[in-house]
There are 2 protein chains.
Amino acid sequence: MVLEVPQVVVNRLPIYYRTLIALEGQGKEVVSSQELGFFLGITPAQIRKDLSYFGRFGKQGRGYNVRRLIEHLRGILGLDRQWSLVLVGVGKLGRAILGYNGFARQGFNVVAAFDKDPEMVGQCIGPLQVQDIAGLSDTLRSISPRIGIVAVPAPDAPEVIDTLVACGIRAILNYAPVEAKAPEGVQMRNIDPVLALQSMTYYLKDRVS
Amino acid sequence: MVLEVPQVVVNRLPIYYRTLIALEGQGKEVVSSQELGFFLGITPAQIRKDLSYFGRFGKQGRGYNVRRLIEHLRGILGLDRQWSLVLVGVGKLGRAILGYNGFARQGFNVVAAFDKDPEMVGQCIGPLQVQDIAGLSDTLRSISPRIGIVAVPAPDAPEVIDTLVACGIRAILNYAPVEAKAPEGVQMRNIDPVLALQSMTYYLKDRVS
DNA sequence: TTCTGTGAACGGATTCACAGCA
DNA sequence: TGCTGTGAATCCGTTCACAGAA
């Protein structure tokens, strides 16, 4: 249990969590690894093994209590609290991110927004006033959020990421289309729909539709 | 070469592609697996093995000719042509997608947009007029695009995905926060920033910042 | 009987290490 | 000498299969 949990396992937990929330909403009280696996296209054995890294949450012969498992996952993933995010880059993409309420609904709150463009700085977007990126490190030191969102053009991303890391940010959601290496101990996830499309076309390219 | 190429390998090819384009832009003519791996945080051996699934593109003692390798990857991935996409769901997210020019720049063109909301239907967004989702299958039959983008609320997604698949769509970029099982032979990639955040908080949760 | 939890077996992806070519 | 291409070795995640609890 103290032993290293594989990253792939951690990545699946939010999927379980989301599905369990949906099941709870449907009034389901108990679910077996079989059923859960059916919804997700994952083998029951994998679900059981994944969960077993963190404890023994099920009842033999019955399955998992939905509400109880949700609570465990909230604790494991740290979803039982609010998280502050800073956003860097308030171009079209950055604004779309600020306008999206799906983050806040899950406890992720953007508390500061930055840009390097003087035209942007000072503008208000919703409740936030865009700050100059030059003040990034000062602001980060005072509010010390844990998570950063990068929504700047690709060429600017590496520098922004370095700055965030230097200021103590340990998790980065990167929308910029670059493969930036996060240093050891810093989590980074890339959101890149173009890469997703480009890997799918491989499978389409010589099929005759 | 006819043998099955692992999916993970295919997923990395667009990353190589993108990086090579950047290197070409910097005037670089030859690159070794060593260098490329350094930029990407991938071992040189992995890059060489990945590429070896598709042919022998390098020169011993030298490395890979950047332009030549780019051309090979374009062919392998099917990026040497234009791809038509249909978008389902023109809410905030769908509009953001339509307003994004990064797809078209890479040869991915949204040629039709659908929604089930009568308020939306008929509206023009850029060059596209939103169509009623009821006509989805007819339209798909006439224009037969290969790729669909799903940007509808989670509860609607499974049905939309089924319809797309029934109409011959073989690749789906899914922005809806649901784990939908695509049938055999249908590629699907999920874009879900919330899941990404929720997996990162696991690593943050008990570190003292 | 049913379904969990888990060691063992398996399989697939990554890395190693080296032959061979420039 | 430098770097590719690739079988072999290794590592690691998934699946199997079964003991044990409800």
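The chains referred to below are lettered A, B, ... by the order of the sequence lines, with proteins before strands, and numbering in each begins at 1. Here the structure is a predicted model, which is why all the values come from computation and not from measurement.
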Interatomic distance where CD belongs to B:E4 and P belongs to C:dG11 [whole Å]: 17 Å
Length of the line joining A:F54:CZ and C:dG5:P, which is rounded to integer Å: 13 Å
Pair B:Q187-B:R189, side-chain donor/acceptor within less than 3.5 Å: yes
Among C:dT6, C:dT15, C:dC3, the one nearest B:A45 by side-chain distance: C:dT15
Closest to the A:S52 side chain, choosing from D:dG5, C:dT15, C:dT6: C:dT6
Polar side-chain atom of B:Q106 near backbone of B:F103 as donor-acceptor pair, under 3.5 Å: no
Nearest-angstrom distance from the residue atom CZ of B:R62 to P of D:dG5: 14 Å
Side-chain donor/acceptor of A:K92 to backbone N/O of B:G99, under 3.5 Å: yes
Between D:dT6 (P) and B:D50 (CG): distance, integer Å: 13 Å
B:K49 side-chain proximity, nearest of D:dG2, D:dT6, D:dT14: D:dT6
Touch class at under 4.0 angstrom, heavy-atom based, for B:R48 against every strand present: base
Selection from D:dG13, D:dT14, D:dC3 that lies nearest to any side-chain heavy atom of B:S32: D:dC3
Nearest-Å distance for atom pair CD/P, residues B:Q7 and C:dA13: 10 Å
Short side-chain N/O contact from B:T43 to OP1 or OP2 of C:dT15, under 4.0 Å: yes
Dot-bracket pairing map - DNA chain D, Watson-Crick plus G-U, both contacts under 3.5 Å, | cross-strand: ||||||||||||||||||||||
Length of the line joining B:K59:NZ and D:dT4:P, which is rounded to integer Å: 12 Å
Lys/Arg N to Asp/Glu carboxylate O, A:E179 vs B:R18, below 4.0 Å: yes
Any B:R12 side-chain N or O less than 4.0 Å from OP1/OP2 of C:dT14: yes
Minimum-distance nucleotide to B:Y64 side chain [options: C:dT4, C:dT15, D:dT4]: D:dT4
Under-4.0 Å side-chain N/O to phosphate OP1/OP2 contact, B:R56 with C:dC21: no
Whole-Å gap separating C1' (C:dT4) and CZ (A:R68): 12 Å
Distance, nearest 0.5 Å, that separates CD of B:Q7 from OH of A:Y202: 10.0 Å
Residues forming a ring pair (Phe, Tyr, Trp, His ring centres under 6.0 Å) with B:Y175, sequence neighbours excluded: none
Atom-pair distance (NE2 on A:H72; P on C:dG5), nearest Å: 10 Å
Short side-chain to backbone donor-acceptor contact, B:S32 and B:E35, under 3.5 Å: yes
Pair A:R74, A:Y17: side-chain N/O donor-acceptor within cut-off below 3.5 Å: yes
A:Q60 side-chain N/O to D:dG20 phosphate OP1/OP2 under 4.0 Å: no
Per A:V8 side chain, nearest of listed nucleotides D:dG13, D:dT6, C:dT14: D:dG13
